[in-house]
Amino acid sequence: MSRDPRHDILFEPVRIGPVTAPNRFYQVPHCTGMGWLRPRTLAAMRGVKAEGGWGVVCTEYTSIHPSSDDLPHPSASLWDDSDVRAHALMTDAVHEHGALAGVELWYGGARTANMMTRLPSMDVQSAPNLAGHPYQTRAMDKADIRTFRHWHRRAALRAREAGFDIVYVYATHGYLVSNFLNPRINTRGDEYGGSLENRVRLVRELIEETKEAVGDRCAVAVRFSADEVAGEDGTPIWGERREMFAMLADLPDLWDINIADYSLEMGVSRFVKEAALEPYMAWVKSVTSKPVVTVGRFTSPDTMVGQIRRGITDFIGAARPSIADPFLPRKIEEGRLSAIRECIGCNICYSGDSLGVPIRCTQNPTMGEEWRRGWHPEVIPARTSEARVLIVGAGPAGLEAARALGARGYEVMLAEATRDLGGRVTREAALPGMREYIRVRDYREQQLIDMPNVGIFRESRLTVQDVQDVGADHVAIATGARWRPERFDEQVYLPIATGEAVARVLTPDDIMEGRLPEGPTLVFDGDGYYMGGVIAERLRAEGLEVTLCTPDDSVSRWTVNTAERWRVRNHLMRLGVGIETAQSLAGFDGREARLECVYSGREKIIPAVNVVMVTARRPEDALYQALLAEAGADGLPFTLARIGDCEAPAIIAAAVHAGHRYARELDAVLDIDLPLRHDRIDVGAEATAPGLWTRGAAE
Ligand code: ADP
Ligand code: SF4
């Protein structure tokens, strides 16, 4: 197959100052939870993107000096020669495939408390830390500004030495440089504050100095916001931005444009759809002659072409679409559109950085596993035996196991109890805002259609006897999990009602299966991720009076890791959902719910004739346990495994990963003591030598 000529424009080379991008696919800087801590993992991951056809591949935010340290969120760094060597792993991996490597030089300012280095953070003014730590910044004086420019220049020189082709001046996202631009923040009385010209001065100097330092070989890009402050979605508040932009318009070699509202720019699909930045970009290209890149969670090549033809952008910027499918450009080039693994907009990738662990992706189980497990998103080792594999259950785990095993060439039978494949994603995707989650199923179902070695058996609820009759060599049980009606008090599961009220205690499974209640309903969210809020919204859409109650201090607590917590609560409040935080559900009698403050124990009564318990899930592993029980002295005539939620209920990404891991490891020789490579600072054999203090004492 070859590409559709309509998409040719996406494959045109584009000049960026002294360098040329081979096409218009541009992986903008995105965090990975790897940073300076895991350079090999990082380099392999970025290299795979270049291999997949991204013409430009950038790092994450890269600290220029120890006074900008974001741990526990791992940024990259360019502080010294060791960093240069670490980045060279990445630039080499990217260059190997003909792509350009970009680096985003970064200084946090009031967003970082420097918890590791313990140096005071600096910003335009003395301001409280914006991540909520009880630290304030030091107000920069002119000597500090001079020193900062020196650090920036030094980092740019190191970037060039490390082999980067594009060096960023990072002037958005509330970090230091953007605060200098901000008229509300920057009211300094010196030549760096107050007037528009003064506020733009630092960015201008950084661009000029970076160009002077490395511009012979590297392009200089600026990351800049198209609007002034966050307003209603899709309604830009431009303020003086256009004027500011016009003052700098042709100074850098490339503009990387985003917007003031990070929760829209990086929006989850529940609230934000493809190409959401377009209304903000309207004027940008008319002001500069330099190439422009912007993002929009683009996965449709037609939308991409439209963005370029209509003059919105020159490059198709992507973070998430490149994570979900590092081979997206290649697939478009080869005309294999149905093979694209489309991002579902869940932001699980972002949670890696939030939590300080390597990036993961719901759609792409190989993300972050390129180096430590040697997994490639498109290449999987061929089977090593003629074995036949039975997979029971076609949720995310079963579907991914079948797809990956099918790709390895195994003969696979996939049995699913219901008519529809997809398990939990099929059910959850029917809930409000969750439509894009169906892509987890659709991508895999589409792939399976083309695999003659995979048989799909719908409406086939298998029993122990059925499994035995199939005569497979390997059996994987992927039968999922169901929500429990109890609450969990951190030690045991407790029933919440007795007598007739028991029938009025529902779970998300009841709601998803269409058993909708009537009358005032309390949704008790002890889970803390998206399900509680989504169920509340679903019931509100039926016109019910709904209260969402959680023992946490905030609504949908865990969604802070996916950059959507503010939106979730705002949305529920707008819908008229009542909110009770820091309240545990102590009892329910069919008329009232008895809440208990988690701090004081004080009781509160809420009228409710139903409760929906969103607490925990019970693994549906009865088939697995029954098969094990059948094993007897001779064992089973097949290997038996359980995967996904039926093994340990978790997020969808975990089930997809479990299915993929099962497929990769089948027939493989694996060291069970160390099943993956450990990327960390290797101190070598000297580690066993006495430390400095010991040696000092002995001498
Ligand atoms: P996971 O997230 O681990 O993939 P899901 O709950 O999404 O789990 O999917 C489990 C799937 O297994 C569901 O589609 C369910 O209908 C199916 N299933 C459960 N029990 C059986 C069984 N005995 N035979 C076949 N399919 C089953
Ligand atoms: Fe997209 Fe979710 Fe993967 Fe992130 S984790 S790239 S949002 S599918």
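Remember, it's 1-based here, ligands and their atoms both numbered in the order they're listed.
- Side-chain atoms of Gln465 and Thr463 include no donor-acceptor pair closer than 3.5 Å.
- Residue-level proximity to ligand 1 for Ala655 is carried by the side chain, the only part with a heavy atom below 4.0 angstrom.
- Taking the ring centre of Tyr530 as origin, the terminal cationic atom of Arg270 falls outside the region bounded by 6.0 Å and 45° from the ring axis.
- When Gly423, Gly393, Ala478 are checked for heavy-atom proximity to atom 10 (C) of ligand 1, Ala478 turns out nearest.
- Residue-to-ligand polar distances keep Val425 apart from ligand 1: every N/O pair is separated by 3.5 Å or more.
- With Arg373 as the partner, the side-chain contact (heavy atoms from CB on, under 4.5 Å) test is satisfied by one option alone out of Arg664, Arg661, Arg677: Arg661.
- Atom 1 (Fe) of ligand 2 has no N, O or S atom of Cys349 under 2.8 Å away, backbone or side chain.
- Nearest protein heavy-atom contact of atom 24 (N) of ligand 1 is Leu462 N, 3.0 Å.
- Between the side chains of His376 and Glu51, at least one donor-acceptor pair of N or O atoms lies under 3.5 Å.
- Nearest protein neighbour of atom 26 (N) of ligand 1, counting heavy atoms only, is Ala417 N, 3.0 Å.
- Under 3.5 Å, the side chains of Asp256 and Tyr26 contain no donor-acceptor pair of N or O atoms.
- Taking only non-hydrogen atoms, the option from Asp621, Val464, Thr479 nearest to atom 21 (C) of ligand 1 is Thr479.
- The distance between the ring centers of Tyr170 and Tyr61 does not fall below 6.0 angstrom.
- Here Cys346 does not reach atom 3 (Fe) of ligand 2: none of its N/O/S atoms is less than 2.8 Å from the metal.
- At a heavy-atom cutoff of 4.0 Å, ligand 1 is contacted by the backbone of Ser460 but not by its side chain.
- Considering Arg482, Glu416, Arg441 only, the shortest heavy-atom separation from atom 15 (C) of ligand 1 involves Glu416.
- Nearest protein heavy-atom contact of atom 7 (S) of ligand 2 is Asn347 N, 3.1 Å.
- The 12-atom threshold is exceeded at CZ of Arg372, counting heavy atoms of other residues, nucleotides or ligands nearer than 6.0 Å.
- The atoms of ligand 1 that sit less than 4.0 Å from any heavy atom of Val392 are 22 (C), 24 (N), 25 (C).
- Applying side-chain contact (heavy atoms from CB on, under 4.5 Å) to Pro508 and the options Arg617, Met613, Met531 leaves one that passes, Met531.
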